[in-house]
Trainee: 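Handing you a structure now.
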Amino acid sequence: MLLLRNIAQIVTLSGGPIPRVGDSMSELGIIENGAILIHGDRIVWVGTTKDIPVRDPGTRYQTLDGVGLNLVALPGFIDSHTHPIFAGTRVEEYDLRLRGKSYEQIAAEGGGIAASVEQLRAATVNQLLEKAERYFRHFLSHGTTTIEAKSGYGLSVQDEIKSLHVLAALRGRNRLEIVPTFMGAHAIPEEHAGSRSEYIREIIDRMIPQVVREGLAQFCDVFCEKGYFTVEESRSILLAAKEAGLGLRIHADELTHSGGARLAAELGARSADHLQYIDDADIEALKKSGTVATLLPGATFNSGTMHYAPARKLIAAGVPVALATDFNPGTCFTLNMQLMLAFACAQMRMTPAEAITAATVNGAYALGLSDRLGTLEAEKQADIVLMDASDYRELPYFFGINHCVVTIKKGNIVINRLEQT
Ligand code: NIG
Ligand code: FE
């Protein structure tokens with residue numbers, strides 16, 4: 001058993017509707033000077049330190065005591081949109097962009113996703129495993145306990161399957177929980193530049209069936225965008241995926257008003273992600289379909305366009321909003337969810353409470369995991385992070401440092417920096 005006690009604030013997020021929408025995004029269920037009792041991989045009790053239940057004298061406890069420290073406990077972050085399987089960085093593109101080249105220009109000249117595809121195809125499974133593992137440790141040490149992870153830098157049957165095999169291997173040997181998504185429709189690979197429809201057939205006829213046969217993914221995602229996949233192409237791929245039993249996600253309206261959000265609503269996708277260029281009618285459509293709007297402010301921050309998704313309008317309309325990093329080597333090379341809270345607040349005018357809700361319970365809902373993850377209450381899985389702060393609002397307010405000192409995944413302490421604080 002593990003007992004956490006004298007925690008200045010526990011952000012439980014317990015009790016509200018799931019997903020949280022509108023005003024309920026602000027209800028954090030905070031317990032001051034709290035305690036949490038964990039048995040195995042489950043939370044068995046949450047309350048104030050003075051109310052800790054009397055224990056059998058024989059029971060052995062490991063205790064983590066926050067007395068004299070300032071600690072805020074919250075559910076481990078759920079990063080519901082990442083692209084973590086790649087073989088190398090694209091730092092030279094970063095430099096080029098700062099000299100005035102756009103993302104689209106770089107892609108047209110053979111950079112962008114195509115550059116990552118070339119690197120990934122040349123890499124072995126072991127090389128990819130080693131690289132991803134390093135990033136996965138960083139996720140855990142920054143307070144993320146679950147990620148959604150996409151393939152999408154292989155873009156051939158062999159290399160998409162290779163990427164998903166890497167994710168499957170990582171699931172077995174890593175504490176970080178991984179929800180795999182197949183994203184063969186991330187771009188048209190160079191060898192199919194003159195035969196797009198052939199590549200789309202390859203996705204539908206070969207990749208999706210094999211992914212499903214081998215149980216390699218739970219979701220299918222498409223980059224529905226000018227220069228990538230049209231609405232019609234995206235629809236045919238996603239319908240095939242749905243038919244095969246995969247859940248749906250869409251990269252929607254990221255660079256232009258491309259119609260992705262509308263398609264997500266039409267197909268009943270679990271999430272529509274990015275959404276920088278959606279309009280009011282799209283927001284209504286998302287509201288009607290119950291699709292989660294997953295906002296990725298790190299990608300906008302890093303692009304320098306200042307064109308953030310309309311978070312306030314989405315929340316006002318009652319659309320469930322989640323926050324994620326979009327961790328990838330092209331548009332957003334960070335895996336720090338604490339930074340997303342800061343961007344969400346300062347740039348999209350979300351409150352700290354809304355941002356934390358979006359990064360935890362609504363992220364869990366976006367992955368279909370909210371029965372087990374995303375809140376701190378009895379029966380839920382013990383995925384808990386302790387932040388070096390006395391008030392949850394310090395997470396976005398005091399931005400740019402790593403507040404996370406303890407990460408607990410399935411009841412196990414996997415990161416402990418407490419001694420060092
Ligand atoms: O989410 N939009 C598509 N995919 C990534 C970028 C991928 C890349 O440039 O490597 C994104 O922004
Ligand atoms: Fe993305």
Side-chain angles (χ1 to χ4, degrees), residues 1-15 18 28-31 33-49 51-67 69 71-80 133 136-149 170-179 337 356 359-361 363-365 367-388 392 402-419 421:
M1 282 208 160
L2 174 61
L3 173 65
L4 315 181
R5 70 178 176 208
N6 290 305
I7 309 300
Q9 282 185 338
I10 300 179
V11 176
T12 67
L13 287 143
S14 70
I18 292 177
L28 294 185
I30 289 176
I31 298 173
N33 194 4
I36 306 178
L37 202 50
I38 297 154
H39 187 207
D41 65 356
R42 297 281 147 175
I43 294 172
V44 290
W45 179 88
V46 183
T48 59
T49 299
D51 294 326
I52 294 172
V54 186
R55 290 154 278 170
D56 281 344
T59 329
R60 292 178 65 85
Y61 281 88
Q62 181 185 2
T63 303
L64 230 154
D65 198 329
V67 73
L69 304 168
L71 295 176
V72 172
L74 64 148
F77 291 122
I78 314 274
D79 190 345
S80 58
E133 274 201 307
F136 283 20
R137 279 194 294 278
H138 284 306
F139 275 110
L140 287 168
S141 66
H142 287 80
T144 297
T145 47
T146 301
I147 65 168
E148 180 262 14
L170 285 162
R171 288 173 95 178
R173 59 197 241 187
N174 217 278
R175 296 290 199 174
L176 185 69
E177 189 164 335
I178 304 163
V179 177
M337 285 291 279
I356 286 176
T360 55
V361 62
Y365 177 77
L367 298 181
L369 299 175
S370 47
D371 53 341
R372 178 164 57 86
L373 303 179
T375 68
L376 300 183
E377 49 196 332
E379 307 299 327
K380 288 285 171 91
Q381 186 168 300
D383 288 13
I384 306 167
V385 293
L386 297 180
M387 300 292 185
D388 179 16
Y392 73 90
N402 183 11
H403 296 269
C404 178
V405 286
V406 173
T407 304
I408 297 169
K409 180 66 186 173
K410 282 192 164 185
N412 295 299
I413 299 174
V414 293
I415 300 288
N416 190 352
R417 297 195 295 129
L418 260 187
E419 309 73 51
T421 57

Trainee: Just do the side-chain contact (heavy atoms from CB on, under 4.5 Å) check on Leu28 and Tyr392 with the steps written out, would you?
Mentor: CA-CA 10 Å; Leu28 294 185; Tyr392 73 90; 3.4 Å; yes
Trainee: To the nearest 0.5 Å, what is the distance between CE on Met1 and OG1 on Thr59?
Mentor: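 It is 6.5 Å, given to the nearest 0.5 Å.
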Trainee: Heavy atoms, side chains only, cut-off 4.5 Å: are Val46 and Ser14 in contact?
Mentor: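 The answer is no, as the side chains (C-beta and beyond) never meet within the 4.5 Å cut-off.
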Trainee: Asp65: what forms a salt bridge (charged side-chain N to carboxylate O under 4.0 Å, His left out) with it, not counting sequence neighbours?
Mentor: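 Arg5.
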Trainee: Do Thr146 and Lys409 have side-chain heavy atoms sitting under 4.5 Å apart?
Mentor: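 When only atoms from C-beta onward are counted, Lys409 and Thr146 do touch, with a gap below 4.5 Å.
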Trainee: Drop me the distance from Leu176's CG to Asp383's CG, to the nearest 0.5 angstrom.
Mentor: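 The CG atom of Asp383 is 10.0 Å from CG of Leu176, to the nearest 0.5 Å.
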Trainee: Could you check whether any side-chain heavy atom of Leu4 comes within less than 4.5 Å of a side-chain heavy atom of Leu71, counting everything from C-beta outward?
Mentor: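 Leu4 does not reach Leu71 side chain to side chain.
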Trainee: Which heavy atom of His142 sits nearest to which heavy atom of His138, and what is that distance?
Mentor: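 Looking at all heavy atoms of both residues, the closest pair is ND1-O, 2.8 Å.
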Trainee: State, with a plain yes or no, whether a side-chain heavy atom of Glu377 is found less than 4.5 Å away from one of Thr12.
Mentor: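 They are not in contact (no side-chain heavy atoms under 4.5 Å apart), so the answer is no.
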Trainee: I'd like to check the side-chain hydrogen bond (donor to acceptor under 3.5 Å, both in side chains) partners of Arg372; sequence neighbours left out, ordered by chain and number.
Mentor: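 Result, side-chain hydrogen bond (donor to acceptor under 3.5 Å, both in side chains) vs Arg372: Glu177, Gln381.
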Trainee: Kindly give the heavy-atom pair with the smallest separation between Gly374 and Ala364, and that separation in Å.
Mentor: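 Closest pair (atom of Gly374, atom of Ala364, distance): CA-CB, 4.1 Å.
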Trainee: Under the 3.5 angstrom rule, does the side chain of Thr360 hit a backbone N or O of Phe77 as a donor-acceptor pair?
Mentor: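 Not at all, since once roles are kept as given, no pair shorter than 3.5 Å links the two residues.
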Trainee: Who pairs with Arg60 by side-chain hydrogen bond (donor to acceptor under 3.5 Å, both in side chains), at least two apart in sequence or on another chain?
Mentor: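 In terms of side-chain hydrogen bond (donor to acceptor under 3.5 Å, both in side chains), with neighbours along the sequence ignored, Arg60 is linked to no residue.
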Trainee: With a 4.5 Å heavy-atom cut-off, do Ile413 and Gln62 have their side chains touching?
Mentor: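 Heavy-atom side-chain distance check passes, below 4.5 Å.
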Trainee: Yes or no on side-chain contact (heavy atoms from CB on, under 4.5 Å) for Ile7 and Ile36, after CA distance, side-chain angles and deciding distance?
Mentor: CA-CA 9 Å; Ile7 309 300; Ile36 306 178; 5.8 Å; no
Trainee: Quick one, Leu367 and Ile78 - any side-chain contact, counting heavy atoms below 4.5 Å?
Mentor: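 Leu367 vs Ile78: side chains touch.
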Trainee: Taking the side chain as every heavy atom from C-beta outward, state whether Leu69 and Leu386 have any atom pair closer than 4.5 Å.
Mentor: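 They are not in side-chain contact.
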Trainee: Apply side-chain contact (heavy atoms from CB on, under 4.5 Å) to residues Leu418 and Leu64 and explain how you reach the verdict.
Mentor: CA-CA 9 Å; Leu418 260 187; Leu64 230 154; 3.0 Å; yes
Trainee: Can you give me the closest heavy-atom contact between Leu74 and Leu376, atom names plus distance?
Mentor: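 For Leu74 and Leu376, the tightest heavy-atom pair comes out as C-CD1, 3.7 Å.
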Trainee: Closest approach of Ser370 and Val361, non-hydrogen atoms and distance?
Mentor: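 Taking every non-hydrogen atom into account, CB-O, 4.4 Å.
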Trainee: Please report the shortest heavy-atom distance between Asn402 and Ser141, naming the atom on each side.
Mentor: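 In terms of heavy atoms, the two residues are closest at ND2-O, 2.9 Å.
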Trainee: Give a yes-or-no answer on whether the side chains of Asn33 and Thr48 include a donor-acceptor pair shorter than 3.5 Å.
Mentor: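 Per modelled atom types, Asn33 and Thr48 side chains form no pair under 3.5 Å.
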Trainee: Does the Thr407 side chain pair with the main chain of Leu140, one donor and one acceptor, at a distance under 3.5 Å?
Mentor: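 Checking the backbone N and O of Leu140 against the side chain of Thr407, a donor-acceptor pair under 3.5 Å is found.
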Trainee: If you look at every heavy atom in Trp45 and Ala35, which pair is closest and at what distance?
Mentor: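 The pair with the smallest heavy-atom distance is CZ3-O, 3.7 Å.
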Trainee: With a 3.5 Å distance limit and no angle check, can you tell me whether Lys410 reaches the backbone of Gly40 through a side-chain donor-acceptor pair?
Mentor: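 It does not hold such a pair.
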Trainee: Under the 3.5 angstrom rule, does the side chain of Asp79 hit a backbone N or O of Met337 as a donor-acceptor pair?
Mentor: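 Judged by distance alone, no pair lies under 3.5 Å.
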